[in-house]
Amino acid sequence: MVEKSHAQTKVGIQLKTSTETTEFAAAELAKYLGRIFDHEQMVVLEHAPTYGLTVLRLGLFTDFPELNPPEVPDAMWDDAVYIQVKQGEGVIAGNNPRSLLLAVYRFLNEVGCRWVRPGQDGESIPRRNPADLTVTVSERAAYRHRGLCIEGAVSAENVHAIIDWLPKVGMNSYFIQFREGFTFFQRWYDHKHNPQKPPAGLTREQALAIVRSLEKEIRRRGLLYHAVGHGWTCEPLGIPGLGWDQPIPKEASAENTPFLAQVNGKRQIWQGIPLNTNLCYSNPAVRQLIVREIVQYLTDHPGIDLLHFWLADGQNNQCECSACAQGRPADFYLQMLNELDEQLTAARLQTRIVFLIYVDLLWPPEKEQIKNPERFLLMFAPITRSYTQSFPNQTVEQSLPPYVRNHLEFPSGIRENLAHLRAWQQVFSGDAFAFDYHLMWAHYFDPGYIKIAEIAAQDIKNLRVHGLNGYISCQVQRAFLPTGLPMKAMAGALWDPTRSFNELATEYFSDAFGPDGAQCYRLLTQLPNFMDELDPWARQYPAIGNPEIMEKLGQINQTLSALKLLVEANQNTTNQCHRQSWKYLGLSLEISAQLTTILLHWFRGQKEMASSLWTELKAFTCRVEDEVQIVFDVFEFIETIERAFNGLKQVN
């Protein structure tokens, strides 16, 4: 323990360049050094030269012309860090303000600080003397795009916590979907699926106020801010795109009806969901309406770095009118992108636009080309893929199935999905990244979180092979139960894909669980997963009595029992972070044990018993929700398992 003595050497922090983000970086360094030294008075934060103190100099690469830091392709979009500190004195620098913040957290990590999950109970801060602080790092991030997209059910505090956590593990981006993220906040504040909590009655205005406050936190950290996505096909018509289950008028107005996609001879709101409703994109008035709306939105919201312009969600819902039939949806999409670029240029708006290749848009255009590639980024979203196989470490040849309007079958295989990406890359060779869903649904069928973490890490390692410069994870924000290993694996691989998965996992379990972390890792690895059998995108749910799934289920209980003994042995460990990790793991084991019993009854043909036990498990997760709220999304867990049971019922 460091003695609390004013006679000890103080550390001065000298900031060379003052911006909101660099000031925040200096304040974060001062805060954590105060905890490391166990004496806040040992840290002095000054802008002027500090004499008589051990000094840490913070700034941008340009502030230190004597250094030889890593080079980056683009100083705004790419991140590099340079740290040269000896016995508490030296330089911490980044190539931009965000990178300086990343460098500060990297320095703190190198001296022993750990952030294994969001929130204070996920922090582990060592005790050190200034003379112990010696760190040398000179690195650039392997990938440009490293971030998360809001999904699931969240409180304002949940999103604030994850935004705060991201740069601590080297991530640089955050994406708030839709104009106010309403559906994600409403799910939490109205406590959908948890009858034990009264609904708060969240309004659109309240959700928008939350987003404005979160934008300040994104800006404070200098993170790349992604925004919107779906909604551009309904909001310009005055129809709110708040979510996938929001009530709307039964029919579109007479004024709007001609703009809607004609499917099966009718122009109407697709299955009653505005976000899933495509428009008649061959109609110049429709394209003009959308483009004008985007330009106005960006004029009103200059803080957005990357605006996502997507067409409607859903699939096989494209317009079938004679004019639209003259080209693929992707051709009309590129027409709009080019028209948008022209108007943004005229308005002197530099915001970059992300376009989406996804479901029907997996088939590339036949005629159109993007005229100004520098404006745009391609986002590859293989939502129907399997998560039991990784992207290969080399390109593979695979032909595309024919495009048949509104009668498409979407690929689950990795090779088939990548074939669509390669076809698009013949049209667009600019900046591109993956938008994937490892922690959206599939992880609920991997009780150990090991397989899904390994797949995610391997996918990221191979992104460059397939022409992708990073990854935005579309996922529940609270994905740290039983552990945060998948998040650790993603962040680690995005910064340095040369590190092995086992190295990342071993480090994580030591950081999160302490001395028995290695044993915990070994046991969790023994738990089988059911991602291909029960994931919502499963092509064929198994029938009752399926021997493969019965064998898997039979393997689980013995390992769960061994893990429970390990939890009991560590429940009173003195390290708060480790103790909380064991507590969360214990609750996760209870959920996994109950779900295993339910599935055993189901596949034995005891459906009523399975249904009754599922009701009990839902009630249990609702009862413990406050204990696990920051690490486990009860709403999405219930939603996902319910969807799997509905699929099983169709087979059985």
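Side-chain atoms are counted along with the backbone in the values below, which use heavy atoms only and exclude waters and symmetry mates.
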Heavy atoms of Pro482 and Pro447 approach each other most closely as CG-O, 3.5 Å

Is there a side-chain contact between Tyr189 and Pro199 (heavy atoms, below 4.5 Å)?
no

Phe480: which of Tyr449, Tyr508, Trp115, Trp165 passes ring pair (Phe, Tyr, Trp, His ring centres under 6.0 Å)
Trp165

Is Asn575 reaching over with its side chain to a backbone N or O of His578, donor-acceptor style, under 3.5 angstrom?
yes

Any side-chain donor-acceptor pair under 3.5 Å between Asp516 and Tyr521?
no

Report yes if some heavy atom in the side chain of Ser124 is under 4.5 Å from a heavy atom in the side chain of Asp511; otherwise report no.
no

For Glu608, is the CD atom crowded, meaning more than 12 foreign heavy atoms sit under 6.0 Å from it?
no

With a 4.0 Å cut-off, would you call Asp633 and Arg187 a salt bridge?
no

Within the 4.5 Å heavy-atom criterion, are Leu468 and Tyr143 side-chain neighbours or not?
no

For Tyr174, give me all partners under ring-ring contact (aromatic ring centres under 6.0 Å, His included), at least two apart in sequence or on another chain.
none

Under 3.5 Å: donor-acceptor pair, side chain of Asp360, backbone of Gln315
no

Are any of the side-chain nitrogens in Glu217 or Arg221 under 4.0 Å away from the carboxylate oxygens of its partner?
yes

Polar side chain donor-acceptor pair, Asn570 to Thr573, under 3.5 angstrom:
no

Angle class for the Phe178/Phe184 ring planes (parallel below 30°, perpendicular above 60°, tilted otherwise)?
parallel

CD1/Ile598 to CG/Leu617 distance, rounded to the nearest 0.5 angstrom?
4.5 Å

Ser173 side chain near Leu148 side chain, heavy-atom distance below 4.5 Å:
no

The criterion is salt bridge (Lys or Arg N to Asp or Glu O under 4.0 Å); which residues satisfy it with Lys168, sequence neighbours excluded?
Glu123, Asp164

Using distance alone, with no hydrogens and no angle criterion, decide if Asn393 and Gln458 have a side-chain donor and acceptor under 3.5 Å apart.
no

At their closest point, which heavy atom of Trp188 faces which heavy atom of Glu625, and how far apart are they?
CZ3-OE2, 3.1 Å

Could you tell me the separation between the CE atom of Met490 and the CG atom of Leu504, rounded to the nearest 0.5 Å?
12.5 Å

Any Tyr541 side-chain heavy atom under 4.5 Å of Glu533 side chain
no

Residues Asn572 and Arg579: side-chain donor-acceptor under 3.5 angstrom:
no

Between Arg117 and Thr483, does any side-chain donor sit less than 3.5 Å from a side-chain acceptor?
no

Is the shortest heavy-atom distance from the side chain of Lys488 to the side chain of Glu507 under 4.5 Å?
yes

List for me each residue that meets side-chain hydrogen bond (donor to acceptor under 3.5 Å, both in side chains) alongside Thr640, sequence neighbours excluded, and say none if there are none.
none

Thr596 side chain reached by Asn557 side chain, heavy atoms, under 4.5 Å
yes

Is it the case that more than 12 heavy atoms not belonging to Gln120 sit under 6.0 Å from its CD atom?
no

With sequence neighbours left out, write down each residue that passes salt bridge (Lys or Arg N to Asp or Glu O under 4.0 Å) with Glu616, or none if nothing qualifies.
none

Hey, can you tell me if Trp614 and Phe645 have their rings parallel, tilted or perpendicular (30° and 60° cut-offs)?
tilted

Taking the side chain as every heavy atom from C-beta outward, state whether His308 and Leu356 have any atom pair closer than 4.5 Å.
no

Applying the ring pair (Phe, Tyr, Trp, His ring centres under 6.0 Å) criterion to His438, which one of Phe445, Tyr387, Tyr444 satisfies it?
Tyr387

For His230, all residues meeting ring-ring contact (aromatic ring centres under 6.0 Å, His included), sequence neighbours excluded:
Trp310

Are Asp459 and Arg385 within salt-bridge range, i.e. N to O under 4.0 Å?
yes

More than 12 heavy atoms of other residues, nucleotides or ligands under 6.0 Å from CE of Met609: is that the case?
no

Tell me, please, which residues at least two apart from Gln177 pass side-chain hydrogen bond (donor to acceptor under 3.5 Å, both in side chains).
none

To the nearest 0.5 Å, tell me how far Tyr358 OH sits from Phe380 CZ.
13.0 Å

Might you confirm whether atom CZ of Arg415 has over 12 heavy atoms from other residues, nucleotides or ligands at distances under 6.0 Å?
no

As an exercise, state the distance from NE2 of His443 to CG of Leu481, rounded to the nearest 0.5 Å.
9.5 Å

Report, as yes or no, whether the 6.0 Å neighbourhood of atom CD on Gln389 holds more than 12 heavy atoms from other residues, nucleotides or ligands.
no

Hey, is Arg478 close enough to Glu636 for a salt bridge, meaning N to O under 4.0 Å?
no

Taking atom types as modelled, is there a side-chain donor on Asn278 or Thr233 under 3.5 Å from an acceptor on the other?
no

First locate atom OG of Ser588, then atom CD of Glu590, and finally report the distance between them rounded to the nearest 0.5 Å.
10.0 Å

Value for CH2 (Trp244) from CD1 (Ile273), rounded to nearest 0.5 Å, stands at 10.0 Å

